[in-house]
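Atoms within each ligand, like the ligands themselves, are counted from 1 in listed order. Since the structure is predicted, the reported quantities are computational estimates derived from the model, not experimental observations.
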Amino acid sequence: MPSTKEQLSEKKSKRVRTLKGLILSGGKGSRLRPFTYTSAKQLVPIANKPVLFYTIEQLVECGITDIAIVVGDTADQIRAAVGDGSAFGASVEYIQQDAPLGIAHAVKIARDYMGETAFVLYLGDNFLLGGVKPFVDSFRENGANCQILLHPVKNPQAFGIAELVDGRVTRIVEKPASPPSNLAVIGVYMFDQHVFEAVERIKPSARGELEITDTIQYFIDKGLDVQAELLDRYWIDTGKMDDILEANRMVLQSLAPSNRGQVDERTRVYEPVILEKGARVVNSVLRGPLVIGEKTEIIDSYVGPFTTIDHHCRLKGVRVEGSIILENTSIEDIHWPIDRSLIGRHVTLRGGQAVGGSYSLTLGDHSEIGMPEG
Ligand code: G1P
């Protein structure tokens with residue numbers, strides 16, 4: 001029987017358990033083509049900030065500064081964007097995953113990095129508004145072996161789904177044909193060192209991957225303590241174009257206005273509007289919420305709600321709303337409104353004379369479009 005002193009020190013060690021972070025940033029991003037032909041899906045920006053940066057910042061906010069990022073084909077781009085992590089106040093290392101063998105496989109190859117330390121696994125394409133701090137804090141304190149977050153979804157066939165009995169998780173199934181509930185296991189998971197035993201024991205699924213859901217099921221089957229919390233905030237798996245536009249809407253709604261650019265006297269501004277350093281607006285209407293990036297010029301244009309325009313763009317004679325326009329893109333004299341569009345980097349779009357209707361565009365990096373005259 002342990003002495004009181006030992007019990008106290010065990011309790012204390014549970015209270016102060018330190019955590020590392022593991023972010024998954026591989027994958028081909030096939031549902032986000034054409035962007036992902038030229039850029040990693042985790043680098044597609046929401047309100048001018050790559051999805052992956054929110055993930056890193058949210059871990060740092062939880063006091064997690066030792067972070068490993070598992071990278072695949074797009075390793076060079078991820079490394080170039082994140083570096084050693086010092087810009088985020090973190091120390092980031094990279095772990096190469098040579099083939100997309102599953103989330104649990106990524107955990108397996110992170111074993112040396114983690115050692116005996118419990119960690120938060122965060123899928124780099126999951127976006128959570130408001131971060132994960134309360135959930136991570138409770139995991140630090142409750143001593144659970146595993147903690148997951150659940151969120152109701154409309155399409156449970158597309159996610160890992162939890163079955164609960166009396167508030168406890170009894171079963172987790174990956175993309176079930178007949179879902180036992182509508183509660184998806186979102187891409188933020190907390191594990192202690194038992195996870196390394198689990199990922200060694202589970203077998204690849206029908207899609208040839210080591211599944212994270214089977215890993216959690218292993219914990220349940222072993223009688224280990226699996227805690228599940230219902231997520232009370234906005235979450236999205238940003239795998240698809242519409243999801244990116246929706247996440248952009250959500251973030252823009254939560255940002256405070258600020259002006260570090262120039263607006264001439266002929267321009268009308270309806271807040272909330274964020275103008276980044278060196279942005280210039282001439283004879284235009286800005287109807288927020290919206291963000292205009294560094295050194296971007298808006299001339300004789302209307303920029304409507306839920307629009308994010310990245311740095312070094314030029315818009316002249318354009319009506320745009322509900323859209324994301326990436327860096328170094330130039331759009332001129334488009335007489336139809338652009339709505340719900342995602343337009344890539346270095347795109348050149350020149351209009352003709354036709355009027356009426358609207359455009360809904362998905363243009364990858366380096367697209368060039370000229371509209372016919374008349
Ligand atoms: C993965 C997991 C799934 C989880 C989802 C969350 O799905 O396998 O269990 O619900 O992330 O985003 P995938 O992105 O591989 O379809």
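- Applying the 4.0 Å criterion to heavy atoms of Arg207 picks out, from ligand 1, the atoms 8 (O), 15 (O).
- When heavy-atom distances to ligand 1 are checked against a 4.0 Å cut-off, Glu209 has no atom that comes that close, whether in backbone or side chain.
- Annotation: the span from Arg345 atom CZ to Asn328 atom CG amounts to 9.5 Å, rounded to 0.5 Å.
- Interface atoms of ligand 1 facing Phe159, defined by a heavy-atom separation under 4.0 Å, are 10 (O).
- Annotation for ligand 1: atoms under 4.0 Å from non-hydrogen atoms of Glu174 are 2 (C), 3 (C), 8 (O), 9 (O).
- Short contacts between ligand 1 and Leu123, defined as distances under 4.0 Å to a heavy atom of the residue, involve ligand atoms 11 (O).
- Seen from the ring of Phe135, Arg233 does not count as a face-on cation partner, given the 6.0 Å and 45° thresholds.
- At a 3.5 angstrom cut-off on N or O pairs, Thr213 does not count as close to ligand 1.
- Between Asp310 and Lys49 there is no salt bridge, since no side-chain N of the basic residue sits under 4.0 Å from a carboxylate O of the acidic one.
- Under the 4.5 Å side-chain criterion, counting only non-hydrogen atoms from C-beta, Glu321 is not in contact with Val303.
- Between Glu211 and Ser205, the side chains place a donor N or O and an acceptor N or O closer than 3.5 Å (distance only, hydrogens not considered).
- Residues Leu164 and Leu150 meet the side-chain proximity criterion, which asks for heavy atoms closer than 4.5 Å.
- Interface of Asp237 with ligand 1, defined as ligand atoms under 4.0 Å from a residue heavy atom, comprises 12 (O), 14 (O).
- Under 4.0 angstrom from ligand 1, the non-hydrogen atoms of Val185 all belong to its backbone.
- In the vicinity of Asn126, heavy-atom distances shorter than 4.0 Å reach the ligand 1 atoms 12 (O).
- Side-chain contact, Gln147 with Asn142: a donor N or O sits under 3.5 Å from an acceptor N or O.
- Counting heavy atoms closer than 4.0 Å to ligand 1, residue Ile103 contributes side-chain atoms (C-beta onward) but none from N, CA, C or O.
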